[in-house]
Amino acid sequence: MQQFFYFFIRFKIFWVFFIFEVISLVLVYNNSPFHKASFINTANSFTGGIYNSANKITSYFHLRQINDSVMAENARLYNNLYRADSLTHHSDTINFKDSTNKYIGRYVYTAADVISNSTSNRNNYLMLNVGAADGITKQSGVVCNEGVVGIVYDVSEHFCTVISLLNSNAHISAKIDSSNNSGTLMWNGKSPLLAQIDDINKHVKVVPGQTISTSGLNYIFPGNIKIGTVLESSIDGNTNRISIRLSTPFETLYKVYVVRNLDYEEQQNLLNSIKQ
Amino acid sequence: MYRDIIYQALRFVFLVILQVFVINQMLQYNLINPFVYPLFILLLPVNTSFFLVLLLSFAVGITVDLLQFTSGIHASATVFMGFLRIYFLKASLSKENFEKNIKPDIRDKGLAWFSVYAIVLLFAHHLVLYFLEVNTFREFFFTILKTSLSALASLLLVILIEYLLMPTSKKQ
């Protein structure tokens with residue numbers, strides 16, 4: 001027994017180190033959704049207030065940029081309004097493709113401020129200043145004027161955390177605009193300006209400059225929201241590696257919209273019943 | 001005694017704020033991604049007990065984890081660094097140094113010694129951090145490159161911060 005204690009005391013530095021290291025590694029590798037969520041939730045309540053007050057100060061510095069982007073968005077919406085107006089008057093002469101009828105779903109937009117953001121980690125998260133009190137639910141999409149941002153991961157009363165598109169856990173269904181071939185968008189961690197699609201059939205012709213947008217197939221995002229443009233594609237064995245220049249400026253992201261699909265649960269329940 | 005504790009606490013808060021709200025906001029590159037908060041552990045007096053060093057390592061790591069939503073990787077890396085620090089100091093300092101309870105900084109030990117001390121520990125910290133973050137050995141060489149470049153950038157920043165914060169009256 002004495003020997004046993006002697007053994008512990010002799011390597012006491014190592015044992016203390018070992019205990020702390022095990023606690024940290026349990027936090028890292030605990031993949032059960034409950035534990036992950038509870039860590040993020042603690043982080044949510046701990047840091048939400050801090051980031052919010054920091055944001056109150058720094059947001060003044062970006063007002064000009066935000067104004068410009070809101071004006072641009074307004075102009076785009078006015079243009080759409082005008083086009084919709086003229087279509088109702090001359091509908092017999094103009095042939096148009098209605099994107100809203102293609103995927104039946106009701107989407108609600110909520111404006112939000114980005115209060116924390118990162119692009120340099122392998123797995124990046126954002127925090128927004130809207131939460132359950134504003135009707136935000138998990139698995140809502142997040143978009144900005146320029147393109148897709150990410151998916152809501154966890155919601156607390158007044159804040160929510162978002163898995164950025166720049167995260168190895170983000171899988172967003174994307175399609176090539178001109179041919180409607182869809183694939184899964186992934187990020188390899190090298191640059192916040194580029195993302196990749198690997199699972200589009202190699203026989204599909206992909207040309208640099210083609211637009212990539214959301215497919216609307218996973219019920220999180222409405223269809224036809226811009227993601228980016230094809231930078232280059234190369235065929236490597238049986239996979240078609242497509243590199244995409246993202247249109248969202250992740251490094252300067254201040255105002256975003258949370259898109260909530262009101263039919264999400266119903267659609268998921270139907271899908272689950274197929275799987276069973 | 002109490003002055004020292006308050007001084008260390010202020011340094012803790014200052015370095016975490018500097019890391020999360022200044023450096024993470026300004027120096028965002030995927031290849032070079034410096035971390036300066038380990039300076040808090042580097043600069044603890046040499047006679048700090050091993051338990052306190054490891055406890056503070058865990059505390060500063062988990063604080064940064066909570067602020068960056070990275071579950072546990074900063075805590076793991078900093079605890080590992082704190083562990084190495086104990087042995088590095090035992091091996092590289094004389095008995096006299098421990099008796100006088102010097103601080104392992106540029107003023108007491110000189111720039112050359114501090115640079116070696118800082119780069120070894122920062123490299124170890126970044127290595128654990130980036131491998132836990134990537135969580136695979138598939139991107140091995142990219143991760144090693146990222147670790148080396150980031151550790152060098154961290155070293156430059158750490159030396160810069162030390163010169164800026166050194167009390168002017170005692171600089172000679």
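Convention: sequence-line order gives letters A, B, ...; per-chain numbering from 1.
Between A:Ile50 and B:Val20, every side-chain heavy-atom pair lies at or beyond the 4.5 Å cut-off. With a 4.5 Å cut-off on side-chain heavy atoms, A:Tyr29 and B:Leu132 count as touching. Between B:Ile73 and A:Arg122 the shortest side-chain heavy-atom distance does not fall below 4.5 Å. Contact check for B:Thr70 versus A:Tyr125: no side-chain heavy atoms found under the 4.5 Å cut-off. Between B:Phe51 and A:Lys12 there is no side-chain heavy-atom pair separated by less than 4.5 Å.
Of all the heavy atoms in B:Gly72 and A:Val28, the pair that sits closest is C-CG2, 3.4 Å.
Contact of B:Tyr130 with chain A is not made at all, since no heavy-atom distance falls under 4.5 Å. Using a 4.5 Å cut-off between heavy atoms, A:Ser191 contacts chain B through its backbone alone, with no side-chain atom that close. If you measure heavy-atom distances from B:Leu31 to chain A, you find no contacts under 4.5 Å at all. For a residue to count as touching a neighbouring chain, one of its non-hydrogen atoms must lie under 4.5 Å from one of that chain's; by this rule A:Asn121 touches chain B with backbone and side chain alike.
B:Lys100 NZ: 12 or fewer foreign heavy atoms inside a 6.0 Å radius. Few gaps surround NZ on B:Lys109; more than 12 heavy atoms of other groups in view lie less than 6.0 Å from it. Residue A:Arg245 qualifies as open at atom CZ: its count of foreign heavy atoms under 6.0 Å is 12 or below.
Rounded to the nearest 0.5 Å, atoms CZ (B:Phe58) and CZ (A:Phe17) are 12.5 Å apart. Atoms CG and CD1, on A:Leu27 and B:Ile62 in that order, are 5.0 Å from each other to the nearest 0.5 Å. The line from OG of A:Ser116 to CG of B:Asn24 is 10.0 Å long, rounded to the nearest 0.5 Å.
Aromatic rings of B:Phe80 and A:Phe20 (six-membered ring for Trp) have centroids beyond the 6.0 Å cut-off, not under it.
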